[in-house]
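Comments concern the structure below.
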There are 2 protein chains.
Amino acid sequence: MNHIKEYRKAKKMSQYELSQAIGVARQTINLIENDKYNPSLSLCLKLAHVLGTDLNALFWEEDNED
Amino acid sequence: MNHIKEYRKAKKMSQYELSQAIGVARQTINLIENDKYNPSLSLCLKLAHVLGTDLNALFWEEDNED
DNA sequence: CTCCAATGTCATTTATATATGACTAATACT
DNA sequence: AGTATTAGTCATATATAAATGACATTGGAG
C-alpha cells in the first residue's frame, strides 16, 4: 500500500487534478492509488514533488523480512 | 542520477550478484545504474532492501529552489 | 604481458505500465 | 427529486521496462 490518496486529499486535489499536474491519465492515478500496478520511478518522483513530499513518505514501508 | 552503484560497491557486490539477489537480469542493473531507463517502484524497493537503505537515499534529489 | 571477472552495449522478444474512450457507481450540491 | 463531479472499472492500443543471448571493452590479478 502507498499513501498517495492521503497526500492528495491533504492537498484537496481530485484524481483528475493530480493527473493533470503530473501529466498522466486519470486512470493511472486511480490504479496506482488502489495498488493495481507498479508505477515507474519517474512517475513516483513526480508524485512526490507535486504532493510536496518525498519517496519514502509515499512508498516506503519499514518491513521486517521474515 | 541515482546512487545504486555507490551502495552496491559499499556492499562489495557485482552487478551480477545484485541482479541475482533481486531476481532480475544483470543488464537491468547495468541500465538502471547508467540511467538508461526508469525502473519500476517494486524494483526500486527491492534494490533499497538488498542494499540496506531506503528509497530516498537511492533516488531522491532534494532540489533547492535557487 | 596474459587471463578472467566485471562491465558496457546491442538486437530481439516478452511482459506490463500507461493512454484512451467509455460506462457505472457513488458523493455532493441545489 | 435532479445534475454535476469524483471515483472505480473495463477493453483495447501503444510505449517501454525487463529478459535473453551475444559480443566488446575495461580493470585487476597473476
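In what follows, chains are A, B, ... by sequence order, proteins preceding strands, each numbered from 1. Note that this is a predicted model, so its numbers are computed, not measured.
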Determine whether the aromatic ring centres of residues B:H3 and B:W60 are separated by less than 6.0 angstrom.
no

Comparing A:Q27 and B:K5 on DNA chain C - which has the more 5′ nearest nucleotide:
B:K5

Under 4.0 angstrom between B:S40 side-chain N/O and D:dA18 OP1 or OP2
yes

Heavy-atom side-chain proximity of B:S40 to A:S40 below 4.5 angstrom:
no

Closest to side chain of A:K36, choosing from D:dT9, D:dT20, D:dA18
D:dT9

Looking at side-chain heavy atoms only, is the closest gap between A:T28 and A:L43 below 4.5 Å?
yes

Look at the side chain of A:R26 and the base of D:dG8, then say whether one donor and one acceptor between them are separated by less than 3.5 Å.
yes

D:dG8, OP1 or OP2 - any side-chain N/O from A:Q15 closer than 4.0 Å?
yes

In whole angstroms, the gap separating C1' of D:dA7 from CZ of A:R8 amounts to 8 Å

With sequence neighbours left out, what residues match B:Q15 under side-chain hydrogen bond (donor to acceptor under 3.5 Å, both in side chains)?
B:E33

Contacts under 3.5 Å, N or O only, protein and nucleotides 13-16 of chain D:
none

When all nucleic acid strands are considered with a 4.0 Å heavy-atom cut-off, which category describes B:L31: base, sugar-phosphate, or nothing?
nothing

Measure the angle between the two terminal helix axes of the helix from C:dC1-D:dG30 to C:dT30-D:dA1, five base pairs each, and quote it to 10°.
50°

Between A:I29 (CD1) and D:dT6 (C1'), how many Å, whole number?
14 Å

Measuring from A:I29:CD1 to A:S19:OG, what's the distance to the nearest 0.5 Å?
6.0 Å

Please test B:L58 against B:N2 for side chain to side chain contact (heavy atoms under 4.5 Å, CB included), starting from the C-alpha separation and ending with a verdict.
CA-CA 6 Å; B:L58 285 180; B:N2 61 65; 5.7 Å; no

A:V24 with A:Y16, same ILVMFWY side-chain cluster at under 4.5 Å:
no

Gap between atoms OH and P, on B:Y16 and D:dA19 respectively (whole Å)
13 Å

Polar atom pairs (N or O), protein with nucleotides 26-30 of chain D, under 3.5 Å:
none

Rounding to an integer number of Å, can you tell me how far A:K12 NZ sits from D:dT6 C1'?
15 Å

Atom pair CG (A:D54) and NE2 (A:H49), whose distance is rounded to the nearest 0.5 Å:
9.5 Å

Spacing of B:L41 atom CG and B:L55 atom CG [to the nearest 0.5 Å]
6.5 Å

Integer-rounded Å distance: D:dA17 P and B:L47 CG
15 Å

Please round to the nearest 0.5 Å and tell me the distance separating atom NZ of B:K5 and atom CG of B:L51.
13.5 Å

Which two nucleotides bound the region of DNA chain C that has atoms under 4.0 Å from heavy atoms of chain A, read 5' to 3'?
C:dA17 to C:dA22

Less than 4.5 Å apart, any side-chain heavy atom of A:L18 and any of A:L47?
yes

Could you tell me the separation between the CD atom of A:E61 and the CG atom of B:L45, rounded to the nearest 0.5 Å?
9.0 Å

Tell me the salt bridge (Lys or Arg N to Asp or Glu O under 4.0 Å) pairs involving residues 9-18 of chain A, sequence neighbours left out?
none

